[in-house]
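To find a chain, count down the sequence lines: A is the first, B the second, and so on, and within it residues start at 1.
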Amino acid sequence: MHYDFEKTEKKWQKYWADHKTFRAETNLDKEKFYVLDMFPYPSGSGLHVGHPLGYIASDIYARYKRHKGFNVLHPMGYDSFGLPAEQYAIQTGQHPKNTTEINIEGCLDDKGNILPKYVNDDGGIKTAALIDKSKPVTVEDADYRDHIIKGYRRQLDQLGFSFDWSREIRTSDPKYYKWTQWIFIQLFNAWYNTDSDRAEDIKDLISIFERDGNTSVNAACDEDTPDFSAGDWKTFASQKKQEILLKYRLTYLADAEVNWCPALGTVLANDEIVNGVSERGGHPVVRKKMTQWMMRITAYAQRLLDGLDTIDWPQPLKDAQRNWIGRSEGASVTFRVLGSGSMFIEVFTTRPDTIFGTSFMTLAPEHELVPKITTPGQKAEVEAYVAATTKRSERDRMADVKTITGAFTGAYAEHPFTQEPIPIWIGDYVLAGYGTGAVMSVPCGDQRDHDFARHFGIDIPNIFEGIDVSEEAFADKEKTIIANSDFLNGLSYRKSVKKAIAELEKIGHGEGKINYRLRDAVFSRQRYWGEPFPVYYVDGMPQMIEEAYLPLRLPEVDKYLPTETGEPPLGNATEWAWDTNRNEVVANKKITPSARPTDENVTLSTHLPDKNVTPSTSAALGTGSVEGSLESNGVYPLELNTMPGWAGSSQYFNRYMDPDNDDKIFSQEAINYWQDVDLYIGGSEHATGHLLYSRFWQKFMFDKGLVPVDEYARKLINQGMITGMSAFVFKINLVIHSVVADGVNYHTNHDSSFEENVFVSKGNMEKYLETHDLMFLGDKFSGYVQHELSTLRNQDYIYRADYDIDFLPIHVDISCVNSSNNLVIESFKSLRPEFKDAEFILENGKYIVGREVEKMSKSKYNVVNPDDICDEYGADSLRLYEMFLGPLEQSKPWNTAGITGVHSFLKKLWKLYHSGPDHKPSPESLKTLHKTIKKVEEDIENFSFNTTVSTFMICVNELTAQKCTSREILEPLVILVSPYAPHIAEELWEKLGHTESISTASFPKFEEKYLVESSKEYPISFNGKTRFTIELPLDMDKQQIEEAVLAHERTQQQLDGRTPKKIIVVPGKIVNIVG
RNA sequence: GCCUUGGUGGCGGAACUGGUAGACGCGCUGGAUUCAAAAUCCAGUGUCUUCGGACGUGUGGGUUCGAUUCCCACCCAAGGUACCA
């Protein structure tokens, strides 16, 4: 009976689905274990072999925990809002809802036939259902399956994962995003009390305002929040009160400097920008002021930092988050601007101990005081400089950090201690967005200040004892001893910082302060395919839709682009107004007349002084009628922005615990039982995005008393990338150039290049590069070169003619390359028609391609599809092989050839269970089994899945050699294997006579007694180098071992008459003879 | 520049708290089986060698009876981050 993996795998996948084997239920009698994967964005191009790596690992762990008796929650879903579906919609008009559904469900039925709803009347297949849109196909085409989207679900199912699909969630499903909107409302109705260090209800804040005003409130709020008394509060109009409350809410509207990406027509968060361009598409990003929803994540900066100490996450990931939050300890210091009366410049410094070394101050060019303090004489220069910096893009400024630029404002500040005047400069090395946008410049202690001072000829006073600072700033805190600094003289760094802060506080010029790099997160996106905000505007002020009327569903639109007036795509909707009487979405035309957006009232600007605010959300910011107004009919414009991609992923892990609950985000029973994620597996690219935002929301939910713990994932593992083995052909790139003499001058012409495609085999290319001999590049080509050169050289006006050759590597599809790196030229030509006339220069009759490890991607033609691997070797082989490839967290290259190793292991395993009747096990077999149990259990607990696979191989090799057919061995063994290769395990389990699934069979118990040995092969080493081994009984003591070893003939031979100086005996381990 | 992770055969990778470096698999070589191929099975496979052995875990030092493992300095690669005051 041979191993028919196809039949076996289909059979058990069906069994698991039919019997709902992996359905998780709250079960108070069993200990819970929650294993979570980062849910995927279902893209149309499907999975490649790299994608399932983490899912396989988590599945193994989940299955292992079931064998260990845990009640395991192992859910899966889709992060299904996102840009690709929207861009596809813009191109084709297909509704993102439909393409998303097809990407998940696929468009085939169980038998592989295309579903009728994806077939057009003419028999063609609707484009959304195609992988390759360039090839229209019909159902009659034999190979249509190659062009059809198979669907994420089907691709996942074929790998035999033990997901509880009854808990599936999709972020774009209104039943799910209802709760994303709900959390948004909770955040809106909350403020952060710094005294209690938690989020509290906004109603409580209003009570405080009514009682005491805001002067006694210690809260996370906007910088520009004015002070007011209880009396003031009572006199404020409703609108004014709402404006003030917005400055405290955990999600708030503000006109912020945002990263605007014109090409994508949307703003981007900091973590969506890489090297100054958009992460998606690489488009330029500019700074722009826009009114946007923001998340007050900065309120949680310290707790996000502290929480990292309590969770078992990878060090690099924790470091990335710490870095991103960027806490620095220091002091804020205020400097009075001389002759200005009461203007002050506030700076943040981490080195208050160096305050006596301040010889100038530098403001960011955008600093608000710049126009106010600049003297008439310096005005022209300063304005020119400010104008020049504004023109430079963020990217230019980043790229060019070496050039020192700046301008003197003509103004002076007063040193808080010495009262000396300090010149105030502006310079773009000071960033407006960090700290206060101003620094006290201490050139002796900071290299940037030093460079600036030297460049502009400013004094460099020295305040360090015994250090020369004329050439370079001195920043070594540990070696610092302060001098020339009045009361700080002679003190170390630590002491002088303390003392300086104390003195500053005494004179009211500063205080100890902690500064964070973390900024509040922009939460608005000018896109269609995202969660709508549950927000409408009355009188320009945002109002929340009542929870009972959620979800607010995405409206239908004609097109998915911004409107002609520059509004976000939702501006195209004609039914997008909120009727506050009927609590439903109604047509825009019903909006209260005065609430309609007009050109004059588009800004929310009563508290927003800046004139440059872009009305990107003009309808959203329209003036609604005042409450109780006579003309109000209660219909108001809805918000036109949608939420960013991370909104839906910030609480999904909790929703899985109770995914169908329509009354609550989740029941308290469910959250109290399942608590938190025990193991979370996913990519490290989410370090400063999803993994930070979700921790923030979890802490908020914790403050609200909705979740029992404030960190949601105890352990996190970043799976490494599986890279592809790209293959290249090398195209000859020829340039012939000649130097022309016209009697007076010489100039170089690039006369011609070779237009034909000639590809040189790798060996020939290397030989050419070594020898520069044209014969390695083929007769035709070298003939061409010779001919061109001699033609040129025969011309009188040519002074010199020569050529350059280099080789352009071009990716070839790895399916055209065999395991010996030979190119199958015919398949290459048929896949790439543009090269159908290309010529190939072979070596030994073959074309050898170049290989390089690269990220797997379609554009690199190096993608390996798991479907193909499953067809040829089966899911169990694929699962084992992905684990066998190397450590989970490491990145490693895929090499399909190697899979035969694990595949033949499975065949050997199968044979072991089909080779004879039950016998009593031999002691050797028991030993083999128990050392396997021990090792496998240790390895799984350490997530060392690659070594487990080797252990299985060793075990099966040994049992085969022992001709073991004993049930007492084979039954525990198949349980060990089951998490890794579940299909074959179920089949063999059934073969052993079981009628129930193996999935909850109890994990075998390791028993030491089978491993006890009576003797040991002692390695005998001389000066640490092992030379031979001697078998000795284990019960010998040191003395006996030493005697036995010294008496051995090979020892005498090795010593060659010398007397050993020393003999180290470690019983049970080693003997080392020195001398 | 800074932070993090890593560097072991032709390749992927093993090696527990310092104790026989190269497990396991791929590839390669030879053999068996076969009309032949595939599949399967057996043997070998770090380098050099005067066949005694010598040398070998990025480089150079150190600690130790003994170092891939611990310490110091440096080199290289990958990822993150950057005028962060």
Side-chain angles (χ1 to χ4, degrees), chain A residues 2 274-275 314-324 326-328 330 347-351 354 362 397-398 400-404 427-431 433-442 445-449 451-452 475 515-517 684-685 687-688 718 720-721 723 725 819-820 851 853 880-881 884-887 889-905 907-908 911 935 938 942 944 946-954 957 1017-1029 1053 1060-1066 1068-1075:
Chain A
H2 92 292
V274 179
N275 296 327
Q315 194 57 40
L317 203 152
K318 286 187 179 185
D319 287 335
Q321 292 208 346
R322 286 204 182 98
N323 224 304
W324 193 259
R327 177 192 153 110
S328 46
V347 303
F348 174 74
T349 177
T350 52
R351 295 294 304 270
T354 64
T362 315
R397 255 170 98 164
M398 264 166 62
D400 173 34
V401 297
K402 300 238 157 55
T403 323
I404 297 162
D428 70 357
Y429 81 96
V430 178
L431 305 176
Y434 182 76
T436 62
V439 298
M440 60 176 224
S441 302
V442 183
D446 182 288
Q447 193 56 46
R448 292 156 304 170
D449 295 343
D451 294 343
F452 195 86
N515 200 48
Y516 297 94
R517 197 183 81 112
S684 58
E685 66 274 18
T688 52
N718 292 130
M721 204 183 356
T723 46
M725 261 290 188
S819 59
S820 321
R851 303 251 43 182
V853 172
L880 279 171
Y881 189 51
F884 186 61
L885 230 38
E889 304 194 49
Q890 209 168 290
S891 109
K892 55 245 158 186
W894 179 267
N895 170 22
T896 303
I899 201 171
T900 54
V902 293
H903 188 66
S904 56
F905 156 73
K907 285 194 266 190
K908 281 185 222 165
K911 236 190 203 161
K935 176 89 170 119
E938 280 169 7
N942 293 321
S944 178
N946 54 328
T947 49
T948 315
V949 181
S950 325
T951 307
F952 289 149
M953 291 172 169
I954 295 167
N957 287 346
E1017 282 269 316
Y1018 275 94
I1020 311 302
S1021 53
F1022 293 80
N1023 298 319
K1025 301 242 177 251
T1026 308
R1027 296 303 175 205
F1028 55 91
T1029 59
Q1053 196 184 327
K1061 282 196 195 115
K1062 199 172 174 185
I1063 298 168
I1064 313 302
V1065 178
V1066 186
K1069 286 249 157 106
I1070 198 172
V1071 178
N1072 188 19
I1073 299 167
V1074 187

Closest of B:C84, B:U81, B:C26 to the A:Thr900 side chain is B:C26
From the candidates B:A85, B:U20, B:U4, the one with an atom nearest any side-chain atom of A:Pro1019 is B:U20
Out of B:C83, B:U20, B:G19, minimum distance to the side chain of A:Thr1026 belongs to B:U20
The nucleotide from B:C65, B:U81, B:A85 with an atom nearest the side chain of A:Val430 is B:A85
Using a cut-off of less than 4.0 Å, is there contact between a side-chain N or O of A:Arg448 and OP1 or OP2 of B:C84? yes
Whole-Å distance, A:Lys908 NZ to B:U40 C1', equals 11 Å
Remember a base hit wins even if backbone is also touched, and classify A:Asn515 as base, sugar-phosphate or nothing at under 4.0 Å, heavy atoms. nothing
Shortest non-hydrogen pair, A:Asp449 vs A:Ser441, comes out as OD2-CA, 3.3 Å
Practice problem: Answer yes or no: does a side-chain N or O of A:Ser328 lie under 4.0 Å from OP1 or OP2 of B:A85? | Solution: yes
Here the distance between atom C1' of B:C65 and atom CD1 of A:Ile1070, to the nearest Å, is 10 Å
Got a list of protein N/O to nucleotides 12-16 of chain B N/O distances below 3.5 Å?
from	atom 1	to	atom 2	distance (Å)
B:G12	O2'	A:Leu885	O	2.4
B:G13	OP1	A:Gln890	NE2	3.1
B:G13	O3'	A:Asn946	ND2	3.4
B:A14	OP1	A:Asn946	ND2	2.9

Rounded to whole Å, the CD-P distance (A:Gln315 to B:U5) equals 6 Å
In RNA chain B, stems of three or more consecutive pairs, Watson-Crick or G-U, each with both distances under 3.5 Å, turn out to be B:1-7 with B:75-81, B:10-12 with B:24-26, B:27-32 with B:40-45, B:46-48 with B:53-55, B:58-62 with B:70-74
Any base atoms under 4.0 Å from A:Asn1072, or only sugar-phosphate, or nothing? Heavy atoms, all strands. base
Of B:U20, B:C24, B:U81, the nucleotide closest to the side chain of A:Met953 is B:C24
Every protein N/O within reach of nucleotides 52-56 of chain B N/O, cut-off under 3.5 Å:
from	atom 1	to	atom 2	distance (Å)
B:A54	OP2	A:Arg1027	NH1	3.2

Rounded to whole Å, CG of A:Leu880 lies from P of B:C24 at a distance of 17 Å
A:Ile899 atom CD1 is separated from B:G27 atom P, nearest whole Å, by 12 Å
Whole-Å distance, A:Lys1061 NZ to B:C65 P, equals 12 Å
Of the listed B:U81, B:C26, B:C24, the closest approach to the A:Arg517 side chain comes from B:U81
Regarding the side chain of A:Ile954, the nearest nucleotide among B:A85, B:U20, B:C24 is B:C24
Whole-Å distance, A:Arg327 CZ to B:C3 P, equals 20 Å
On a heavy-atom basis, the closest approach of A:Tyr1018 and A:Lys1069 is CE2-N, 3.8 Å
